[in-house]
There are 2 protein chains.
Amino acid sequence: MGTRGLTKEKIVAEAVAYIEHTGQPTISLHELARRLNVKPPSLYNHIQNTKELQYAVFQYAIDHLVAHQKNAVEQLKGDEAVRAFSIAYLAFAAAHKGLYRLIMTMPSEQDEQAKELALPLLELVVDLLSSYGLCADDIAHWQRVLRAILHGFLSQEDLGYFYYYNSIDLEKSRELAVQCFLDGLHTFLNHTVKAEQE
Amino acid sequence: MGTRGLTKEKIVAEAVAYIEHTGQPTISLHELARRLNVKPPSLYNHIQNTKELQYAVFQYAIDHLVAHQKNAVEQLKGDEAVRAFSIAYLAFAAAHKGLYRLIMTMPSEQDEQAKELALPLLELVVDLLSSYGLCADDIAHWQRVLRAILHGFLSQEDLGYFYYYNSIDLEKSRELAVQCFLDGLHTFLNHTVKAEQE
DNA sequence: TTGATAAACTAATGCTATTAGTTTCATAAT
DNA sequence: ATTATGAAACTAATAGCATTAGTTTATCAA
């Protein structure tokens, strides 16, 4: 009993390890305590509640996703950057199922704190689209579209909605989805340019 | 005590009413029993477990969404149909937050039963894209893309990921997303036609 | 050596779902 | 009319979850 070198960092690390291993986005305090050789209430000496733990893991997930994405688009611009970003994004979700599931279930409309934590991801996509010469508003719009496509694809996949037509190549669908975004963006840019010339 | 005219239908109806009212995708048996003036274990005379209840509500949600969508695209074809479908889809999610949340959290990769129930929705989108002259495989791909965009948009919105740049018109983003899909599809069709002519 | 503090503990509460075993009521058969 | 059966309610109990209150222990500084 007494002091055992438990810290918030170790708790979060163990939670992350579990989530990475199982693919589930959460872990119960019971299971977490068991793995740390401690009784559940002891965890409350280091964390406020499960919410705070979730925030910490969410933070970790976002940080890693953002680092992963930054690395993927380094030195790239335009379509090439968008393509690299998309491929990396989808790959991250596949490699870290539990973490991505957390990212895609965690925040809620009212939860300001969680949304703050997710800001870096948004900024990254804004940067990604900055080389197309769009105005700030349009960057905001297209940022939403790109994220909707990528996230929507992953979400449907995860939910099993793409299970039907199983035989049909998922990889090709993904490429088409990304190409669709680029073609849609190009068409928009052409129209915008034309409109400005008149 | 004794018999009170409780049925599975009434239970499901009450669960649906709660979900529609609160916007939450689930209801606890405790709350459900309370609303039906019954003790929680009594519900087990009519349902197997919460899973079965969820299936029933999910079924209801899918049926209504499909009916709503069928009605929206009646008589329409091509881009007009896609646009009407998209607008109606997004409107349904807004009007039935709880039901759509259930649709977007319920099935899981391993749950064959839930995925069966969702099939009509898939078929609807396949029909929607049937007038473009795509081959079966390409319909399957583009069906995925359209659903990814619509669902991804709703999901991000619901999660609060579009909260930033709050001032920027959500409605316009939605229109851009749908237009993006159509432009992407048109570009794809042009390329396909060209390839066939060579 | 002592005393304060941090960090563990036990015990208990209250929320879930669920099961076992019991009672009651309505209906069908005598 | 009476009785018996089965459906549908009940009570009581179990088990898993988060959480709180109150208690003990170990470490570290005075």
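FYI, side chains are in, hydrogens and waters are out, and symmetry mates aren't considered; it's all heavy atoms of this structure. Proteins come first, then strands; the chains are lettered A, B, ... in the order of their sequence lines, and each starts at number 1.
- The shortest distance between the side-chain N/O atoms of A:His46 and the OP1/OP2 oxygens of C:dA8 is below 4.0 Å.
- Taking both residues in full, the closest heavy atoms of B:Tyr44 and B:Asn49 are given as CE2-CA, 4.0 Å, listed atom of the first, atom of the second, then distance.
- Using modelled atom types, one side-chain atom of A:Gln156 and one backbone atom of B:Arg147 make a donor-acceptor pair closer than 3.5 Å.
- Look at NZ on A:Lys10: it is 11 Å from P on C:dA7, rounded to the nearest Å.
- D:dT23 atom P lies 16 Å from atom CG of A:Asn45, rounded to whole Å.
- The aromatic rings of B:Phe153 and B:Phe162 stand perpendicular to each other, their planes meeting at an angle above 60°, with 30° marking the opposite boundary.
- The residues A:Arg34 and A:Glu31 are annotated as salt-bridged, a charged nitrogen and a carboxylate oxygen being separated by less than 4.0 angstrom.
- Atom CG in A:Leu32 sits about 12 Å away from atom P in C:dA8, given to the nearest Å.
- In this structure, B:Lys39 places its NZ atom 13 Å from C1' of D:dA12, rounding to the nearest Å.
- For an aromatic pair to be called close, the ring centres must be under 6.0 Å apart, and B:Trp142 with B:Tyr132 fails this.
- Between B:His96 and B:Phe92, the distance from one ring center to the other falls under 6.0 angstrom.
- Within residues 11-22 of chain A, no residue has a heavy atom under 4.0 Å from DNA chain D.
- Rounded to whole angstrom, the span from the CZ atom of B:Arg34 across to the C1' atom of D:dC10 amounts to 19 Å.
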Which atom pairs link the protein and nucleotides 18-22 of chain D when you take only N or O atoms and keep those under 3.5 Å?
residue : atom : partner : partner atom : Å
D:dA18  : OP1  : A:Leu29 : N            : 3.1
D:dA18  : OP2  : A:Leu29 : N            : 3.0
D:dA18  : OP2  : A:His30 : N            : 3.4
D:dT19  : OP2  : A:Tyr44 : OH           : 2.8
D:dT19  : OP2  : A:Thr50 : N            : 2.9
D:dT19  : OP2  : A:Thr50 : OG1          : 3.4
D:dT19  : O5'  : A:Tyr44 : OH           : 3.0

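- The environment of CD in B:Glu80 is sparse: at most 12 heavy-atom neighbours from other residues, nucleotides or ligands sit within 6.0 Å.
- The separation between B:Ile47 atom CD1 and C:dT19 atom C1' is 14 Å, rounded to whole Å.
- The two residues A:Lys39 and A:Ala33 come nearest to each other via the heavy atoms C-CB, 3.7 Å.
- Panel note: side chain B:Lys10, backbone B:Gly5; a donor-acceptor pair is recorded below 3.5 Å.
- Rounded to whole Å, atom C1' of C:dA17 lies 13 Å from atom CD of B:Gln54.
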